[in-house]
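Only one structure is covered here, and it is reproduced in the block below.
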Number of protein chains: 2
Amino acid sequence: MSHPAPDDPLFCPTETALGIIGGKWKGMILWCICRKTMRFNELHRTIPNISQRMLTKQLRELEAHGIITREVFAQIPPRVEYRLSAHGQSLKPILDALENWSRSYLNAVAEADTATDDT
Amino acid sequence: MSHPAPDDPLFCPTETALGIIGGKWKGMILWCICRKTMRFNELHRTIPNISQRMLTKQLRELEAHGIITREVFAQIPPRVEYRLSAHGQSLKPILDALENWSRSYLNAVAEADTATDDT
DNA sequence: TCCTTTAGTTACCAAAAGGGAAGTATGGGC
DNA sequence: GCCCATACTTCCCTTTTGGTAACTAAAGGA
């Protein structure tokens, strides 16, 4: 294998990872799925702002990257369950770290807002 | 600035964090800056595919979120240095974790490719 | 017979993102 | 007197993204 080209996403692992988990709605989807197995409409109800089209698309991308698995039950009406794959499980600590970082970030912002609040 | 309200049922810290570090090129920019202080053109040379327009834009977003600092030296030609802020430093472990996860992901993909390689 | 539910797909359209190239200021070197 | 470098900004145009709404199948219930 040759040296990774500077424009190659493989050149930067951080970029690769963010390319996988950084899509629109992926944070919320992962946030839901890493807590429990969920069905399509269950996700849709939990994240009402997402359209079916987008939910499908993001789920397919996560599946294509091996982060989640999709299990179809041959029933009418259909039943499809999404859950974290083994590889997705290895993301959990990072998702937790992201969540903690985010909370401390939001706190810092809130404090800064309070400090400069001149009401 | 519109951060999600904490009482919003859609409030998702993971999404917040990804909104901050998940923009296009941000992975690479952070990857560079978390290693050393860098000047504008230095970043541009390191990531040749990014346009000046985008580099400026992404740097300003990171700065607005308090992740990096921008220091201007009153010189001709101009000299501007970008580095991680204190808050950005707190991201480093996450960036490292992302990098490690990405490497193991890439390895797994490479192995899967080898296993199914029918040449 | 019609309605409901589930888990989608498809077509269409508006908005946003992003690339490329050119312009800007300033002072020093040749 | 012209060109160089730096760190941008601005304009224009194409590509991508994402939302809305309508359509699908199939079984069970009223």
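In what follows, chains carry the letters A, B, and so on, assigned in the order in which the sequence lines appear, proteins first and then strands, with residues in each chain numbered from 1. Just the heavy atoms: all of them, side chains too, but no hydrogens, waters or symmetry mates, feed the values below.
- A search for salt bridge (Lys or Arg N to Asp or Glu O under 4.0 Å) contacts involving B:Arg39 returns nothing, not counting sequence neighbours.
- Sorted pairs that involve residues 35-64 of chain B and meet ring pair (Phe, Tyr, Trp, His ring centres under 6.0 Å), not counting sequence neighbours, are lacking altogether.
- Between the CD atom of B:Glu63 and the P atom of D:dA7 there is a distance of 14 Å, rounded to whole Å.
- Remark: A:Glu42 pairs with A:Lys36 by the salt bridge (Lys or Arg N to Asp or Glu O under 4.0 Å) rule, at least two apart or across chains.
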| request: Would you mind building the protein contact string for nucleotides 12-30 of chain D? One character per nucleotide, 5' to 3', B for base within reach (heavy atoms under 4.0 Å), S for sugar-phosphate only, - for untouched. | output: ------BBB-----BS---
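- Every salt bridge (Lys or Arg N to Asp or Glu O under 4.0 Å) that B:Arg83 has, sequence neighbours left out, goes to B:Glu71, B:Glu81.
- Partners of A:Gln75 under the side chain to side chain contact (heavy atoms under 4.5 Å, CB included) rule, at least two apart in sequence or in another chain, are A:Phe73, A:Arg79.
- Applying the ring pair (Phe, Tyr, Trp, His ring centres under 6.0 Å) criterion to B:His87, with sequence neighbours excluded, gives A:Trp101, A:Tyr105.
- On the nucleic acid side, DNA chain C contacts chain A at distances under 4.0 Å to non-hydrogen atoms, with the end points of that region at C:dT5 to C:dA11.
- Looking at residues two or more places apart in sequence or on another chain, you find a salt bridge (Lys or Arg N to Asp or Glu O under 4.0 Å) between B:Arg103 and B:Glu99.
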List, one per line, each side-chain donor-acceptor pair under 3.5 Å for residues 57-69 of chain A, sequence neighbours excluded.
| unit_1 | atom_1 | unit_2 | atom_2 | d |
| --- | --- | --- | --- | --- |
| A:Gln58 | OE1 | A:Lys26 | NZ | 3.3 |
| A:Glu61 | OE1 | A:Lys26 | NZ | 2.6 |
| A:His65 | ND1 | A:Glu61 | O | 3.2 |

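- Looking at residues 64-75 of chain A, you'll see that no heavy atom sits under 4.0 Å from any atom of DNA chain D.
- Side chain of B:Thr16 to backbone of B:Cys12: a donor-acceptor contact under 3.5 angstrom is found.
- Listed by first and then second residue, the salt bridge (Lys or Arg N to Asp or Glu O under 4.0 Å) pairs involving residues 45-54 of chain A amount to none (not counting sequence neighbours).
- Following rounding to the nearest Å, B:Phe40 (CZ) and D:dA5 (C1') show an atom-to-atom distance of 13 Å.
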